[in-house]
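Below you'll find the structure, written out as structure tokens, and then a few comments.
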Amino acid sequence: MKINRVRGTYDLFPEDLIKWQWVEKIAKSVYQEYGFSEIRTPILEPAELFSRSIGKWTDIVEKQMYTFEDKKGRLLTLRPEATASVVRAYLEKGNTSETRFYYFGPMFRYDRPQRGRFRQFYQTGVELLGAVHPGIDTEIILLLSEFFQKLGLKDFEIQLNSLGCSLCKEKYNKILFNYLKEKCLCKDCERRKEKNVLRILDCKNKICQSYVQEAPKIIDHLCPNCLSHFEEVREYLDFLGVSYSLNPHLVRGLDYYTRTVFELFLPNSGEDIAIAAGGRYDNLVEELGGRKTPAIGFAVGLERLIANLDILKEKEPSFYFAYLGEKEILKRAMELTAELRKNKIPVIINYERKSLGNQLHQADRLGSKFVLILGSREFKENTVILRDMKNSSQRVIKRENLVEKIKEI
RNA sequence: GUGAGUGUAGCUCAGCUGGUUAGAGCGCUGGACUGUGGCUCCAGUGGUCGCCGGUUCGAAUCCGGUCACUCACCCCA
């Protein structure tokens with residue numbers, strides 16, 4: 001009986017990972033330029049961490065979490081996102097001066113799999129704790145923008161909005177509810193009226209949208225502090241030449257967001273799905289038992305990002321050692337590959353004693369750039385043939401010069 | 001959680017309205033070419049037709065269920 005991967009998961013093979021590793025390299029270099037350091041937290045957390053942070057009535061917590069009891073009856077969850085974990089770790093450590101964190105890792109949501117959506121998926125992101133200045137919001141958005149530019153993605157769009165502080169949110173919720181109360185909306189939105197009015201703002205239904213167009217906007221109902229914060233963020237973004245567009249209907253699905261929120265789209269990809277998203281969460285640290293600590297961060301969906309990278313990344317040059325003959329020749333081949341490896345030259349050797357043609361065929365399939373050939377003739381003459389697989393040229397090299405000649409390539 | 005489409009060889013797929021030995025291309029292995037890959041030709045390898053049940057003399061084909069994949073919705077990175 002064959003065993004297959006579980007629904008909504010997938011395997012990444014070496015050829016797939018070339019792109020992933022490249023993306024990770026660029027992300028890390030940008031993160032470091034902005035003073036961020038890596039943090040790694042457990043994949044497993046107490047279920048309550050997420051119901052308290054993300055919000056008890058969000059879809060993520062209500063129906064998308066992988067939650068189960070362990071042998072002691074503790075309720076554990078495979079993390080659906082990383083922000084809550086980072087905050088938890090930060091608070092648990094207590095005495096750290098470090099406030100800028102970045103992470104990479106798998107997240108889990110019990111969704112129905114489809115394009116750009118998996119049950120185990122990867123995110124990278126940053127969290128910056130303890131800073132309230134609008135310049136910080138600007139910097140985080142700038143960082144995200146620079147990351148995407150360095151990946152060679154030119155046509156991305158960053159949408160921006162402000163939800164205000166918890167008081168603004170509460171006030172605006174009522175205003176929006178009163179405005180929509182008597183309106184006849186789609187089935188989903190009728191449900192949202194009671195549960196989560198804000199979500200009606202990004203409903204795709206045409207009738208709902210026509211009402212939403214006329215609806216009062218959040219940014220017209222921000223308190224003076226939140227309004228000036230938002231205006232300053234925009235001022236700095238304009239000043240630094242970071243392009244963005246305002247989307248008064250942008251709301252985030254997680255309850256902890258306050259003030260600045262943003263999402264990144266690739267309009268030319270033909271999908272209206274966010275590749276990255278983030279925002280402020282000024283109350284979360286306190287809600288998780290810490291002191292009042294404003295904070296901001298974002299997360300990037302790596303599958304969604306990588307699906308839109310059409311760059312070709314080639315493997316590093318590698319060597320294949322082909323030998324022909326008896327044990328003494330094999331021993332010489334083993335000796336030489338050991339020497340090459342000591343000099344950091346990646347090489348594999350085939351032990352199957354097949355024909356030279358067969359070995360070249362294999363080397364070709366493995367994508368080896370060069371083949372080293374050792375037969376009885378070379379053995380006697382103390383040489384090795386170096387064959388360039390690309391143009392079929394080859395030359396005889398003295399054994400003692402082998403490492404030196406290869407390093408010249 | 002809701003809806004639609006698809007499951008046949010390692011991969012991409014054909015198989016007409018049910019008819020008896022289930023096919024092709026690619027791949028893989030070997031040979032033509034005892035030490036030189038990519039091209040060509042030849043041969044070989046490879047399938048519980050996703051799984052379970054039903055209808056039928058007979059099911060890859062029709063029906064039901066189930067699982068998986070793809071896509072859309074809800075929601076989200």
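Each chain gets a letter, A, B and so on, in the order the sequences are listed, and its residues count up from 1.
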Tell me what [X] touches on the nucleic acid: a base, only sugar-phosphate, or nothing, going by heavy atoms under 4.0 Å.
X: A:Gly278; value: nothing
X: A:Arg387; value: base
X: A:Ala276; value: sugar-phosphate
X: A:Thr58; value: nothing
X: A:Met107; value: nothing
X: A:Leu254; value: sugar-phosphate

On RNA chain B, does the nearest nucleotide to A:Glu378 precede the nearest nucleotide to A:Ala299 from the 5' side, or the other way round? Give the residue.
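Result: A:Glu378.
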Could you state the CG-P distance from A:Leu250 to B:C75, rounded to the nearest angstrom?
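Going from A:Leu250 (CG) to B:C75 (P), I get 14 Å.
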Taking N and O atoms by type only, does the side chain of A:Arg112 place a donor or acceptor under 3.5 Å from a partner on the base of B:G1?
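There is none.
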Any N or O donor-acceptor pair under 3.5 Å from the base of B:U36 to the side chain of A:Gln394?
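Between B:U36 and A:Gln394, which were checked side chain against base, a qualifying N/O pair under 3.5 Å is present.
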Of the listed nucleotides ([options]), which one gets closest to any side-chain atom of [X]?
X: A:Ser355; options: B:G37, B:G35, B:A77; value: B:G35
X: A:Ile385; options: B:C71, B:G35, B:G37; value: B:G35
X: A:Leu324; options: B:C74, B:G37, B:G35; value: B:G35
X: A:Asp111; options: B:U36, B:G37, B:A77; value: B:A77
X: A:Gln64; options: B:C75, B:G37, B:G35; value: B:C75
X: A:Gln114; options: B:C71, B:G35, B:C76; value: B:C71
X: A:Arg7; options: B:C75, B:A77, B:A68; value: B:A68

Can you tell me if CZ on A:Arg341 sees more than 12 non-hydrogen neighbours from other groups inside 6.0 Å?
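Yes, CZ of A:Arg341 has more than 12 neighbouring heavy atoms, counting only those of other groups under 6.0 Å.
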Just say parallel, tilted or perpendicular for the rings of [X] and [Y], cut-offs at 30° and 60°.
X: A:Trp20; Y: A:Tyr10; answer: tilted
X: A:Tyr172; Y: A:His221; answer: tilted
X: A:Tyr31; Y: A:Phe147; answer: tilted

Which value, in whole Å, describes the distance between the P atoms of nucleotides B:C52 and B:C67?
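These two P atoms come out 15 Å apart once rounded.
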Is it the case that A:Asn161 and A:His249 place a side-chain donor and acceptor less than 3.5 Å from each other?
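Distance-only check fails for A:Asn161 and A:His249.
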Would you say [X] places a side-chain N or O within less than 4.0 Å of OP1 or OP2 belonging to [N]?
X: A:Arg117; N: B:C76; result: no
X: A:Arg365; N: B:C28; result: yes
X: A:Asn358; N: B:G30; result: yes

Given the rule in the side chain to side chain contact (heavy atoms under 4.5 Å, CB included) test, do A:Gln159 and A:Phe265 qualify, once you have shown the distances and angles that lead to the verdict?
CA-CA 8 Å; A:Gln159 297 187 359; A:Phe265 294 86; 3.6 Å; yes
